[in-house]
Amino acid sequence: MTDTTSTPPDLGTEHVTLDVAGRVATLTLNRPEKLNAVTPEMSHALVRAVEWCDTTDDVRAVVLTGAGGRAFSAGSDIRALDGYATPWEFRNRVDYCDALRAARTPTIAAVGGYALGGGLETALSCDIRLASHTASFGAPEITLGWIGGGGMAAFLSRAAGPSNAALMLLTGERIDAATALRWHLVSEVVAPDELLARARALAAVIASRAPVAAETAKINLRAAGNLPEDQALAYERDLQTVCFATEDAAEGRRAFAEKRPPVFRKR
Ligand code: COA
């Protein structure tokens with residue numbers, strides 16, 4: 001069912017906030033005193049926030065960022081990991097990377113400071129990543145005795161290539177923003193005080209586009225990375241046909257003919 005109001009839900013914790021301006025939602029990991037390390041409560045809040053953004057007509061793009069300037073997120077709260085009664089309970093935890101990856105709405109990670117472990121995986125689970133000059137990225141799990149479990153190897157090797165991914169996964173050492181840009185982990189690096197504004201401006205551009213087409217473009221990108229080429233091409237043609245049949249596509253063609261901006265209604 002579609003919620004037509006834009007009042008954000010109660011997320012059950014002050015450590016994740018959700019603000020909506022225009023058609024852009026900003027989700028903030030808000031636990032700066034712990035470098036925005038993610039607790040189970042925060043995972044639940046992220047799931048709820050993403051679900052709400054996906055089902056609210058008024059939200060068409062999401063910016064994910066971290067409060068305090070020192071960190072996007074230092075990953076899972078290490079102390080909270082002791083709270084799982086059994087390995088199976090740990091295995092079946094609500095995963096915040098899954099939450100972002102499940103988003104149908106386009107997502108932009110605005111990374112300032114540390115993006116470590118699950119923080120890096122969360123950024124990698126967003127569609128677009130922007131960084132400030134202060135950003136650093138790392139997979140430190142190996143220094144603790146385990147490995148990432150939120151898609152680290154798959155996403156890192158896809159973005160940065162197998163050798164760079166192995167270098168990060170096997171050493172646990174951090175790379176800086178310039179290296180992340182060179183390795184295609186991020187699309188842009190900007191000054192720290194410009195990061196959020198740039199992410200929101202980019203989100204506003206995406207939010208102005210046809211929303212069904214934007215959601216379909218995400219599905220198509222995912223398919224392009226996962227399916228054999230012939231299947232990916234056939235699927236793309238089908239997805240294009242779905243978009244082409246929407247009211248918004250008719251509006252796009254009409255607006256072009258009438259030389260005016262289109263008004264997209266997610267129909
Ligand atoms: N889980 C829980 N708490 C964390 C955390 C995490 N992942 N990362 C940082 N914190 C906490 C610290 O314990 C500290 O809390 P305290 O003041 O109560 O002691 C606070 O955040 C500030 O971190 P601190 O370590 O004092 O800052 P620093 O500048 O010296 O070091 C880091 C910064 C990021 C290098 C360091 O905090 C670190 O290595 N964190 C763990 C990162 C990690 O391994 N993530 C993967 C988890 S699976």
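Numbering of ligands and ligand atoms starts at 1, following listing order.
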- Query: Any protein heavy atom sitting closer than 4.0 Å to atom 42 (C) of ligand 1?
  - Reply: yes
- Do Lys266 and Glu215 come close enough that some side-chain heavy atom pair is under 4.5 Å? yes
- Task: Please state which part of Thr143 comes within less than 4.0 Å of ligand 1, counting heavy atoms only: side chain, backbone, both or neither.
- Result: neither
- Query: Where on Arg174 is there a heavy atom closer than 4.0 Å to ligand 1, on the side chain, on the backbone, on both, or on neither?
  - Reply: side chain
- atom 36 (C) of ligand 1: protein heavy atom closer than 4.0 Å? no
- State, with a plain yes or no, whether a side-chain heavy atom of Thr13 is found less than 4.5 Å away from one of Thr39. no
- Task: Could you verify whether a donor N or O on one side chain and an acceptor N or O on the other, from Tyr96 and Ser125, lie under 3.5 Å apart?
- Result: no
- Query: Considering only heavy atoms, which of Gly150, Gly117, Ser76, Gly148 lies nearest to atom 47 (C) of ligand 1?
  - Reply: Ser76
- Can an N or O of Asp77 be found at a distance shorter than 3.5 Å from an N or O of ligand 1? no
- What atoms of ligand 1 come within less than 4.0 Å of a heavy atom belonging to Arg79? 2 (C), 3 (N), 13 (O)
- Task: Tell me which one of Gly75, Ala74, Ala37 gets a heavy atom nearest to atom 45 (N) of ligand 1.
- Result: Ala74
- Task: Look up atom 21 (O) of ligand 1 and tell me if a protein heavy atom lies less than 4.0 Å from it?
- Result: yes
- Within a strict 4.5 Å, meaning less than it, do heavy atoms of the Val16 and Thr28 side chains meet? no
- Message: Is there a polar contact, in the sense of an N or O pair closer than 3.5 Å, between Pro140 and ligand 1?
- Response: no
- Message: What I'd like to find out is whether the side chain of Tyr114 reaches to under 4.5 Å of the side chain of Arg70, using heavy atoms alone.
- Response: yes
- Are Leu120 and Leu27 co-members of a hydrophobic cluster defined by side-chain heavy atoms under 4.5 Å apart? yes
- Item | Residues Asp176 and Thr179: side-chain donor-acceptor under 3.5 angstrom | yes
- Task: Please check if a non-hydrogen protein atom sits closer than 4.0 Å to atom 24 (P) of ligand 1.
- Result: no
- Task: Using a distance threshold of 4.0 Å (strictly less than), state whether atom 18 (O) of ligand 1 has a protein heavy-atom neighbour.
- Result: yes
- Message: Can you confirm, on distance only, whether ligand 1 has an N/O atom lying under 3.5 Å from any N/O atom belonging to Arg70?
- Response: yes
- Message: Under a 3.5 Å distance rule, please check whether Thr56 uses its side chain to pair with a backbone N or O of Cys53 as donor and acceptor.
- Response: no
- Would you check, one step at a time, whether the test side chain to side chain donor-acceptor pair (under 3.5 Å) holds for Thr26 with Asp19? CA-CA 5 Å; Thr26 302; Asp19 308 288; 5.8 Å; no
